Every structure is written in structure tokens, then in C-alpha cells.
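Everything numeric here is computed off the predicted structure, so don't read it as measured data. Atom set for the values below is all heavy atoms of this structure, side chains included, hydrogens, waters and symmetry mates excluded. We count ligands from 1, going down the list as the structure has it; atoms in each ligand are counted the same way.
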Amino acid sequence: MSDQIHIVEMGPRDGLQNEKTPVSVEARIAFVEALVAAGLNTVEVGAFVSPKAIPQMASSEQVLRGVSHVKDAEFHVLVPNEKGYDAARAAGAKVVSVFAAASEGFSRANINCSIAESIERFKPVLARAKADGVKVRGYVSCVLGCPFDGEIKPKAVADLAVTLWDLGCYEISLGDTIGVGTPVKAKEVLRAVGAELPVGNLAMHFHDTYGQALANLYAGMEEGVRVIDSAAGGLGGCPYAPGATGNVATEDVVYMLEGMGVKTGIDMDRLLATTNEVAGLLGRPPVSRVASALNAKRKRLVKS
Ligand code: HMG
Ligand code: MG
């Protein structure tokens, strides 16, 4: 349990994609730069998807270009098809993420096609990425439940994860898109996927709608998973997952890990300042428990 954990920061993509308040390209770039300065050196910075579907991610090419000067960091972007891949490459992407769903209902709502059709769209992306030396991460959404189809069988998740792996994805991120999972179910699905694929190449991408994400992450760590997706401030969610809230907050994850003796290399003060800055832009306080607690503690210290 004390092995190094790798955090993949989602705030600028999964976080901002569901926020109503528009955030400028300059502020998105500053957000990414601040996250890297806080020690989060793998950041998903945008999405090359239809701007009609997700207007918040428009101009992701400007964000990706704008952060290209940042050294010692890896930037990820979502691509749903070859059109997205073309645009991502033109902007200099070195790592792209394709995203499939374990449920037909969510696949249709999110990317307007069946699961099988989505795989057909990904095949040329993965083939070209291999030829271009671009790394591809693969998401499986709705691994612990779907807002349209309800319960999802772990085998369906494992089968799709294997398909993405066989196509060439280097890591499979398992998404509890609507944050309904609980620890025993999280273990079940991670065991099912871990029976087919190396556990070191799995990531946990848990939204925190029902407040279970930290417990589920702990359960997943007990199964040997060492990669965690999280978003500063617990921002966001998916516009096509009705009622879902943001990813587990990065500061909540860092607090838990450091408390367990796992060194994250992340500077909590800088992370908190970044979270507060973005919350200010969005006009509301951060939802994360750790950010709220640390902000309240600071206020008390300033008063005394
Ligand atoms: P479609 O309507 O089936 O695609 O959308 P189409 O090929 O028929 O094209 C329709 C229009 O979209 C055309 O433009 C295309 O040019 C354009 P028009 O002629 O109408 O002006 N288009 C594009 N534009 C920019 N970039 C592209 C692109 N492709 C087509 N790559 C499509 C299919 C996938 C494009 C659409 O459904 C879409 O963009 N969906 C957005 C999905 C999304 O971003 N969802 C949120 C991220 S996923 C998530 O949050 C889950 C995750 O976090 C994990 C988890 O939590 O589980 C990853
Ligand atoms: Mg997500």
C-alpha cells in the first residue's frame, strides 16, 4: 500500500467540461501551469470533441499549445474519433485518450453511437497513434453503474477493457462516471479486469456523487491499483451523466495518501491556492472537504 501512487489530474478537462461559467483560454492555461507547479505532472488539459456537444472544451488546441512550454509534464487530451485525433496532433498532442462506455445507453448519449461503433472509430486512431509514436489511454465509463441502463456486469467492463488494451492502449482508466459505486463492488470490478490485464496498467476514475470515491479508491489500492484520476477542487462531471458530480477531489486524495504514509510529491499549499483560484473564477467555493477544512483553518489562524 505504500508504493508510489500516480495521480492523473482531471481538473482542466473533466472538471471544467461541466461548469456553466465560461473560463477563458488564458485562465485554463494558468490552471494547468499551476497544477504542474504544485507537483501534478500528468494533466488532462482538454478535449477534441464537438464544440456543439461540449462548448467548455472549445479551443482545447489553444490550451494544449499554450502549455507546451511546460517542462517535465505529460499532457493528455480526449479524442473521440479521427477528426479529434487530427486536431490533437496538429496542436502537438503526444498522449491522447479514447473513451468508450460499458453500457449502450451511455455510449449513445455521450458519443452518439453503440459500443461496437465506438471501437470501430477508435481503431484508426490507435493505428495512426502507433505509427506516430503517440501514447493512447483508454477509458471505460459506467463501470459501476449507468444512468440509463442501471447495473453493469463486471464481465462487460473486463471485456471492453481487454478490447481497448488489445487495440494498443497503454493504460485503462475505469470510470465510475456517476459515482454510485461502493467499495466491495469497486473491488469486484477491479478484480474482474485485473484477472485479464496487468493491474499496474489500470487506473481508477471515480466521481464522488455519493461520497464514496475515497473509500472506493482505498479498496482499489488494496487490489493493487496504483493510478488515480482526480480533479482539483472536485470540479465537474459529465454533461451526459445526469445528476453526476465531479471527480474525487485531488486534495482529498492527497490528504488521504499522505496520511497513509504514501509520498505524493504534491505541494498541498500550492494545490489549495490553485483550487481556490479556480473556484473564484467559477464564483463558488470548492466542494472538496479538504479544501473547505484547510480554508476554514486558515481563517481561524488569521483571526487569532
Ligand atoms: P456525431 O454527431 O455522432 O458525429 O458526434 P458526426 O461525425 O456525425 O459529426 C457531427 C458534427 O460534429 C459535425 O459538425 C462534425 O464535424 C463534428 P457539423 O457538420 O454538425 O458542424 N465533429 C467534431 N467536431 C470537433 N471535434 C471532433 C468532432 N467529431 C465530429 N472530434 C461526437 C460524435 C463524438 C463528435 C460527439 O458526440 C461528441 O463530441 N461528444 C462529446 C462527448 C464528450 O466529450 N463527453 C464528455 C467526455 S467523456 C467523460 O466525461 C467520461 C470520462 O470522464 C470517464 C468517466 O467519467 O467515466 C472520460
Ligand atoms: Mg469522468
Handout entry: Shortest non-hydrogen contact from A156 toward A102
Key = CB-O, 4.4 Å
Problem - Part of V143 within contact of ligand 1 (heavy atoms, under 4.0 Å) - result: neither
Exercise for the section: Please report which non-hydrogen protein atom sits nearest to atom 27 (C) of ligand 1, along with the residue it belongs to and the distance in Å to one decimal place. Expected result: F48 O, 3.6 Å
Problem - Note: K155-E196 ion pair, threshold 4.0 Å (strictly below) - result: no
Handout entry: Sub-4.5 Å side-chain heavy-atom contact between V8 and H76
Key = yes
Problem - Heavy-atom nearest neighbour in the protein, as seen from atom 46 (C) of ligand 1, with distance rounded to 0.1 Å - result: Q17 OE1, 3.5 Å
Practice task
Count the heavy atoms of every other residue, nucleotide or ligand shown that sit under 6.0 Å from CZ of R89, and state whether that count exceeds 12.
Solution key: yes
Exercise for the section: Verify the distance criterion only: is there a donor paired with an acceptor across the side chains of E104 and S114 at less than 3.5 Å? Expected result: no
Exercise for the section: Pick one of side chain, backbone, both or neither for how R108 approaches ligand 1, counting any non-hydrogen atom pair under 4.0 Å. Expected result: neither
Practice task
Would you mind listing which atoms of ligand 1 come within a distance below 4.0 Å of any non-hydrogen atom of N110?
Solution key: 37 (O), 40 (N), 41 (C), 42 (C), 43 (C), 45 (N), 46 (C), 48 (S)
Problem - Sub-4.0 Å atoms of ligand 1 with respect to non-hydrogen atoms of G84 - result: 31 (N)
Practice task
Please determine if A53 has a nitrogen or oxygen closer than 3.5 Å to a nitrogen or oxygen of ligand 1.
Solution key: no
Practice task
Specify the protein heavy atom at minimum distance from atom 33 (C) of ligand 1: its residue, its atom name, and the distance to 0.1 Å.
Solution key: I111 O, 3.6 Å
Handout entry: Neighbour count >12 (heavy atoms, 6.0 Å) for atom CZ, R128
Key = yes
Exercise for the section: Go through ligand 1 atom by atom and flag the ones less than 4.0 Å from a non-hydrogen atom of I54. Expected result: 41 (C), 43 (C), 44 (O), 45 (N), 46 (C)
Completion exercise
Applying side-chain hydrogen bond (donor to acceptor under 3.5 Å, both in side chains) to N201 and not counting sequence neighbours gives none
Handout entry: Enclosure of F148 CZ (heavy-atom neighbours >12, cutoff 6.0 Å)
Key = yes
Problem - Check: D176 side chain, V180 main-chain N or O, donor-acceptor pair, under 3.5 Å - result: yes
Practice task
Examine the proximity of ligand 1 to R137 and report which part, side chain or backbone, both or neither, has a heavy atom under 4.0 Å away.
Solution key: neither
Fill in the blank from the handout: the protein heavy atom lying closest to atom 58 (C) of ligand 1 turns out to be R13 NH2, 3.4 Å
Completion exercise
Ranked by distance from atom 29 (N) of ligand 1, the top protein heavy atom is N81 ND2, 2.9 Å
Fill in the blank from the handout: re atom 20 (O) of ligand 1, the protein heavy-atom contact at minimum distance is K52 NZ, 3.0 Å
Practice task
Tell me, yes or no, whether the heavy-atom count around K94 atom NZ, taken from other residues, nucleotides or ligands under 6.0 Å, exceeds 12.
Solution key: no
Practice task
Can you pull out the closest protein heavy atom to atom 15 (C) of ligand 1? Residue, atom name and distance to 0.1 Å, please.
Solution key: K83 CE, 4.2 Å
Exercise for the section: Determine whether the side chains of D229 and N247 contain a donor N or O and an acceptor N or O closer than 3.5 Å. Expected result: no
Handout entry: Any protein heavy atom nearer than 4.0 Å to atom 9 (O) of ligand 1
Key = no
Exercise for the section: Look up atom 49 (C) of ligand 1 and tell me if a protein heavy atom lies less than 4.0 Å from it? Expected result: yes
Exercise for the section: Answer yes or no for atom 6 (P) of ligand 1: protein heavy atom present at a distance under 4.0 Å? Expected result: no
Exercise for the section: Taking only heavy atoms of P80 into account, list the atoms of ligand 1 that are under 4.0 Å away from them. Expected result: 31 (N), 34 (C)
Practice task
Just jot down the ligand 1 atoms closer than 4.0 angstrom to any heavy atom of N112, in number order.
Solution key: 1 (P), 2 (O), 3 (O)
Problem - Lys NZ or Arg CZ of R108 over F106 ring: under 6.0 Å, within 45° - result: no
Practice task
Please say whether more than 12 non-hydrogen atoms of neighbouring residues, nucleotides or ligands are located less than 6.0 Å from CZ in F75.
Solution key: yes
Exercise for the section: Identify the protein heavy atom lying closest to atom 39 (O) of ligand 1, giving its residue, its atom name and the separation to 0.1 Å. Expected result: S50 N, 2.8 Å
Completion exercise
Note, the Mg ion (ligand 2) has protein N, O or S atoms under 2.8 Å numbering 3
Exercise for the section: Write down the atom of A241, the atom of P147, and the distance for their closest heavy-atom approach. Expected result: CA-CG, 4.3 Å
Problem - Ligand-residue contact atoms, ligand 1 with S141, heavy atoms, under 4.0 Å - result: 51 (C), 54 (C), 55 (C), 57 (O)
Practice task
Could you list the atoms of ligand 1 found under 4.0 angstrom from a heavy atom of H207?
Solution key: 56 (O)
Handout entry: Criterion side-chain contact (heavy atoms from CB on, under 4.5 Å) on N81 and V98, from CA distance to verdict
Key = CA-CA 8 Å; N81 51 22; V98 294; over 6 Å; no
Exercise for the section: Could you tell me whether the side chain of C169 reaches within less than 4.5 Å of the side chain of L126, counting heavy atoms only? Expected result: yes
Practice task
Output the list of atoms in ligand 1 that are nearer than 4.0 Å to some heavy atom of R121, sorted by atom number.
Solution key: 3 (O), 33 (C)
Handout entry: Ion pair check, K185 and E188, cut-off under 4.0 Å
Key = no
